[in-house]
Chemist: 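Before I ask anything, let me first share the structure, which is written out below as structure tokens.
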Amino acid sequence: MANSTLLVALKILLILIFAAWVSLWLLKPTQLWTRKWKAAEDKARATVFGYYGLNFAVYTFPPIALAIIGSFYLNLKPRESIRRWQLKYLKVATRFGLLAEVCLAFLLFPILRGLALFRLLGIQFEASVRYHIWLGTAMIFFATFHGASTLFVWGVSHYIQEEIWKWQKTGRIYLAGEICLVTGLVIWITSLPQIRRKQFEIFYYTHHLYMVFLVFFLFHAGDRHFYMVFPGIFLFGLDKLFRIIQSRPETCILSARIFPSKAIELILPKDPGLKYTPTSIIFVKVPSISKYEWHSFSITSCSRVDKSTMSIMIKSEGSWTSSLSHMIQTRQESDGDQTKYIPIAVEGPYGPVSMDFLRYDSLLLVSGGIGITPFLSIIQELASSQNSGINKFLPRMQLIYVVKKSQDICLLNSISPLIFGQLAEKCLLKVKVFVTQEEQSDATVRELLNEFSEVQTVNYGTKFLNFSISGLENSLWMAAIAGISSILFLIFLIMFNHIFVPSQKNPTKEKTPSWVVDLLIISSFILALICSIFVALVIRWRRLKKQILPTLQEQSKALEKGSTQASDALEEHEIHFGGRPNFEDIFAKFPDEKGGSDIGVLVCGPETMKESVASVCQKKCGAKKQKPNFSFHSLNFTL
């Protein structure tokens with residue numbers, strides 16, 4: 001009773017002191033206060049206390065007194081338990097944490113490449129990445145609400161100073177959760193388009209903090225919750241292992257072709273047995289530029305045409321591509337010594353299992369700038385299929401190519417024989433070029449291609465060429481290694497638990513800390529991966545022994561593929577200057593020009609272009625099922 005009375009008295013005293021101190025600030029600007037206060041200071045001057053003592057007592061001491069009395073008040077006040085509304089709010093915050101856990105369980109599935117589950121649904125890697133972005137954003141939202149709400153409840157119930165730094169022996173480790181959330185926020189912020197596109201290196205390296213994020217999530221959530229998200233982590237670890245082994249050993253760039261638009265085409269050695277479909281991509285690392293950065297590019301060649309080589313096209317837009325372009329330009333300007341070489345590591349190719357675009361009656365290919373790259377492989381593949389008699393009935397194509405300058409049209413150099421040759425003669429391909437930043441000209445597509453046909457070639461020696469790109473391992477082998485890894489993980493986990501975790505049948509022994517059990521999971525996973533590495537390395541070594549390297553004749557043949565003279569057939573291709581294409585007009589005319597009731601629309605280029613074409617497709621399809629039917633497909637030339 002006496003204690004509660006003292007608390008009430010202290011609380012009233014705190015309120016009075018605070019109110020009096022605030023009132024001083026309200027009275028200070030008035031004339032009344034100025035006269036009274038000056039008189040009070042004059043009286044105080046004659047005392048030992050002085051005017052400075054009076055100022056200290058009236059202006060300075062009240063907040064100090066609040067701190068002193070407040071400390072006594074908090075010491076005497078009994079600790080409050082969490083109130084009912086706080087408990088309900090904490091339960092809501094916990095549910096949001098579970099939602100974040102669900103997102104994390106699916107987060108890594110879309111970015112699997114070799115063990116790609118999304119391919120079972122017909123979704124390719126470059127398209128499935130968007131699901132990874134959506135899941136990551138949702139996870140960070142739920143996790144942030146979960147963490148902020150928990151901190152809020154701790155704050156209002158005066159638990160925050162005790163709980164925020166707590167590393168519990170058993171149960172949820174709150175400090176680990178805070179580290180996990182901060183790491184996740186850093187990864188998410190640096191992956192925003194504004195940062196990812198302008199500062200790719202920051203995005204790339206901070207994304208590798210996912211290992212810190214996952215480890216501290218395990219410490220925070222505990223092993224029982226971790227098993228729900230572990231499938232994605234387990235498959236991602238194996239997939240990463242396969243990719244690392246596949247990219248070893250490195251190969252070399254055979255040659256580089258420098259176009260007038262400053263785009264560069266790289267010719268890489270390929271195993272003749274490696275087949276890939278159009279729109280496939282590869283990931284490339286040039287160790288002399290960066291030992292850790294991988295960048296994705298669309299393959300511009302066709303495996304039916306180029307048996308022993310593979311080509312990709314690169315445009316200098318970032319620091320990495322600019323460094324590569326500068327390196328090739330420097331080698332070109334040197335003495336031309338072919339003993340020089342550029343080592344390169346390659347992952348992939350990754351692409352669709354089948355060519356779905358063959359099911360359409362006609363194809364409308366819309367590209368902007370360097371977005372032409374996937375269509376180069378599609379057009380070559382269709383021409384090769386017709387020549388070999390594999391597909392007698394090919395879809396009729398119209399290529400819409402939007403560029404800023406007329407010199408950018410040189411990227412069509414590799415398919416110029418097809419543009420003016422067999423495909424054009426049989427009315428299978430029509431090209432419409434739109435040059436947006438130049439005034440009207442009378443030049444034709446043929447004349448511009450001839451004008452900008454001077455492609456500078458840089459050849460590199462094959463002295464250090466010991467390996468070529470051989471692609472992914474057989475799916476059955478990857479499935480077998482995944483099964484072996486699962487069994488090994490379970491064996492190691494059971495063994496470690498019997499050794500380090502005391503039996504629950506013996507109640508006298510002290511309970512094992514939860515973080516020890518978490519470390520056993522990590523150790524078992526690492527050991528299972530190490531054992532799988534040996535199996536994968538043996539399979540890779542046996543495959544490399546059977547490789548066939550490209551000969552010099554095959555290399556020179558690949559370099560000359562764009563130099564074939566086109567026929568003198570009447571040109572039906574169009575070129576427009578000074579404006580962007582009117583897609584509604586193009587869609588309206590397309591059925592009359594190419595025919596067909598089922599039309600596939602493939603778009604690759606800037607996002608604004610994709611949105612414009614998608615909106616026109618949506619209008620054409622509409623609510624009513626009318627012919628022709630336009631089916632929209634978005635392609636990515638980079639990720």
Chemist: From S247 OG over to R540 CZ, what is the distance, rounded to the nearest 0.5 angstrom?
Modeler: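 CZ of R540 is found 8.0 Å from OG of S247.
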
Chemist: State, with a plain yes or no, whether a side-chain heavy atom of V229 is found less than 4.5 Å away from one of L107.
Modeler: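 V229 vs L107: side chains apart.
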
Chemist: Once you measure the plane-to-plane angle for F96 and F145, does it fall in the parallel (<30°), tilted (30-60°) or perpendicular (>60°) bin?
Modeler: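 Tilted: the ring planes of F96 and F145 meet at 30° to 60°.
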
Chemist: Looking at S23 and A20, would you say the former's side chain and the latter's main chain have a donor-acceptor pair under 3.5 Å?
Modeler: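 Yes, S23 side chain to A20 backbone: donor-acceptor pair under 3.5 Å.
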
Chemist: Sub-3.5 Å donor-acceptor pair from the side chain of S290 to the main-chain atoms of V286, do we have one?
Modeler: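 Checking the backbone N and O of V286 against the side chain of S290, no donor-acceptor pair under 3.5 Å is found.
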
Chemist: Do you know which two heavy atoms are closest between L274 and P349, and how far apart they sit?
Modeler: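 Residues L274 and P349, closest heavy atoms: CD2-CD, 3.9 Å.
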
Chemist: For W188, is the CH2 atom crowded, meaning more than 12 foreign heavy atoms sit under 6.0 Å from it?
Modeler: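 Count not over threshold, so no.
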
Chemist: Just grab all the salt bridge (Lys or Arg N to Asp or Glu O under 4.0 Å) pairs involving residues 230-239, residues at least two apart or on different chains.
Modeler: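 Applying salt bridge (Lys or Arg N to Asp or Glu O under 4.0 Å) to every pair that reaches into residues 230-239, excluding sequence neighbours, yields D239-R243.
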
Chemist: Identify the heavy atoms of I312 and I299 that sit nearest to each other, and give their distance.
Modeler: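 Shortest heavy-atom contact: CG2-CA, 4.2 Å.
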
Chemist: Do the ring planes of F219 and F216 sit parallel (below 30°), tilted (30 to 60°) or perpendicular (above 60°)?
Modeler: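 F219 vs F216 ring planes: perpendicular.
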
Chemist: Looking only at atom types and distance, does a side-chain atom of H132 sit under 3.5 Å from a main-chain N or O of P110, one as donor and one as acceptor?
Modeler: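 A pair under 3.5 Å: no.
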
Chemist: With a 4.5 Å cut-off on side-chain heavy atoms, are F142 and E101 touching?
Modeler: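 No. Closest side-chain heavy atoms not under 4.5 Å.
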
Chemist: Kindly determine whether L519 and W515 satisfy side chain to side chain contact (heavy atoms under 4.5 Å, CB included), including the steps that lead there.
Modeler: CA-CA 6 Å; L519 286 177; W515 58 267; 3.6 Å; yes

Chemist: At what distance, to the nearest 0.5 angstrom, does CD of Q199 lie from OG1 of T206?
Modeler: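 So the gap between those two atoms works out to 11.0 Å.
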
Chemist: If every non-hydrogen atom of C103 is compared with every non-hydrogen atom of A138, which pair is closest and at what distance?
Modeler: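 Between these two residues, the closest heavy atoms are SG-CB, 3.8 Å.
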
Chemist: Working to the nearest 0.5 angstrom, can you tell me the gap between I189 CD1 and I202 CD1?
Modeler: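 Separation between the atoms: 12.5 Å.
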
Chemist: Does M228 CE have over 12 foreign heavy atoms under 6.0 Å away?
Modeler: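 Result for CE/M228: open.
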
Chemist: For the ring pair Y210 and F236, is the centre-to-centre distance below 6.0 Å?
Modeler: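 Here the rings of F236 and Y210 have centres that are less than 6.0 Å from each other.
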
Chemist: Determine whether a donor-acceptor pair (N or O, by modelled atom type, separation under 3.5 Å) exists between the side chain of K315 and the backbone of T321.
Modeler: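 No, because the side chain of K315 does not come within donor-acceptor range (under 3.5 Å) of the backbone of T321.
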
Chemist: State, with a plain yes or no, whether a side-chain heavy atom of Y174 is found less than 4.5 Å away from one of L151.
Modeler: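 Answer no - side chains too far apart.
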
Chemist: How would you list, by chain and number, every residue that makes a ring pair (Phe, Tyr, Trp, His ring centres under 6.0 Å) with F234, sequence neighbours excluded?
Modeler: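 F234 satisfies ring pair (Phe, Tyr, Trp, His ring centres under 6.0 Å) with F230, F525 once adjacent residues are dropped.
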
Chemist: Can K285 and E293 be counted as an ion pair, charged N to O under 4.0 angstrom?
Modeler: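 No, no charged N to carboxylate O under 4.0 Å.
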
Chemist: Would you say the side chain of H326 lies within less than 4.5 Å of the side chain of S323, judging by non-hydrogen atoms?
Modeler: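 They are not in contact (no side-chain heavy atoms under 4.5 Å apart), so the answer is no.
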
Chemist: For H207, what residues pass the ring pair (Phe, Tyr, Trp, His ring centres under 6.0 Å) criterion, not counting sequence neighbours?
Modeler: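 By the ring pair (Phe, Tyr, Trp, His ring centres under 6.0 Å) rule, H207 matches F203.
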
Chemist: Heavy atoms only: give me the nearest T150-A93 pair and the separation to one decimal.
Modeler: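 Looking at all heavy atoms of both residues, the closest pair is OG1-CB, 4.2 Å.
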
Chemist: Contact between I233 and F226 at the side-chain level, heavy atoms closer than 4.5 Å - yes or no?
Modeler: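 Side chain of I233 against side chain of F226, heavy atoms only: contact under 4.5 Å found.
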
Chemist: Within this structure, what is the CD1-CG distance for the pair I281 and L635, rounded to the nearest 0.5 Å?
Modeler: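 Between atom CD1 of I281 and atom CG of L635 there are 11.0 Å.
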
Chemist: Are the side chain of S280 and the backbone of Y276 linked by a donor-acceptor contact shorter than 3.5 Å?
Modeler: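 No, the answer is negative, given that no donor and acceptor are paired below the 3.5 Å cut-off.
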
Chemist: Side chains of I264 and M313: closer than 4.5 Å at any heavy-atom pair?
Modeler: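 They are not in contact (no side-chain heavy atoms under 4.5 Å apart), so the answer is no.
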
Chemist: Do other residues, nucleotides or ligands put more than 12 heavy atoms under 6.0 Å from the CH2 atom of W294?
Modeler: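 More than 12 within 6.0 Å, yes.
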
Chemist: Step by step, work out the side chain to side chain contact (heavy atoms under 4.5 Å, CB included) result for L214 and L104.
Modeler: CA-CA 9 Å; L214 293 174; L104 180 58; 4.1 Å; yes

Chemist: With no hydrogens and no angle check, just 3.5 Å: does a side-chain donor-acceptor pair link S316 and S322?
Modeler: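 Distance-only check fails for S316 and S322.
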
Chemist: Do L266 and I342 come close enough that some side-chain heavy atom pair is under 4.5 Å?
Modeler: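 Of all side-chain heavy-atom pairs linking I342 with L266, none is under 4.5 Å.
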
Chemist: Going by the angle between their ring planes, with limits at 30° and 60°, are F200 and H295 parallel, tilted or perpendicular?
Modeler: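 Aromatic pair F200/H295 classed tilted.
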
Chemist: Taking atom CZ of F61 as the centre, report whether more than 12 heavy atoms of other residues, nucleotides or ligands fall under 6.0 Å from it.
Modeler: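 No, the 6.0 Å shell around CZ holds no more than 12 heavy atoms from other groups.
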
Chemist: How close do E250 and P343 get, counting heavy atoms only, and between which atoms?
Modeler: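 For E250 versus P343, the nearest heavy atoms are OE1-CB, 3.7 Å.
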
Chemist: Can you tell me how the ring of W21 sits relative to the ring of F18, calling it parallel under 30°, perpendicular over 60° and tilted otherwise?
Modeler: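 Tilted, since the angle between the ring planes falls between 30° and 60°.
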
Chemist: Is there a side-chain contact between F297 and T373 (heavy atoms, below 4.5 Å)?
Modeler: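 Side chain of F297 against side chain of T373, heavy atoms only: no contact under 4.5 Å found.
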
Chemist: Could you check I289 against L324 for side chain to side chain contact (heavy atoms under 4.5 Å, CB included), going step by step and ending with a plain yes or no?
Modeler: CA-CA 7 Å; I289 297 176; L324 179 59; 3.6 Å; yes

Chemist: What distance separates H146 NE2 from L181 CG, expressed to the nearest 0.5 Å?
Modeler: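 Going from the NE2 atom of H146 to the CG atom of L181 covers 8.5 Å.
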
Chemist: H208 side chain to Y204 main-chain N or O, any donor-acceptor pair under 3.5 Å?
Modeler: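 Here the side-chain-to-backbone pair exists.
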
Chemist: Could you report the tightest heavy-atom contact between T190 and I195, atom names first, then the distance?
Modeler: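 That closest heavy-atom pairing would be O-CG2, 3.6 Å.
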
Chemist: Starting from the C-alpha separation in whole Å, work towards a yes-or-no answer on side chain to side chain contact (heavy atoms under 4.5 Å, CB included) for S325 and I314.
Modeler: CA-CA 8 Å; S325 176; I314 297 172; over 6 Å; no

Chemist: Does a sphere of radius 6.0 Å around CZ in F106 hold more than 12 heavy atoms from other residues, nucleotides or ligands, not counting ones at 6.0 Å or beyond?
Modeler: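 No, the 6.0 Å shell around CZ holds no more than 12 heavy atoms from other groups.
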
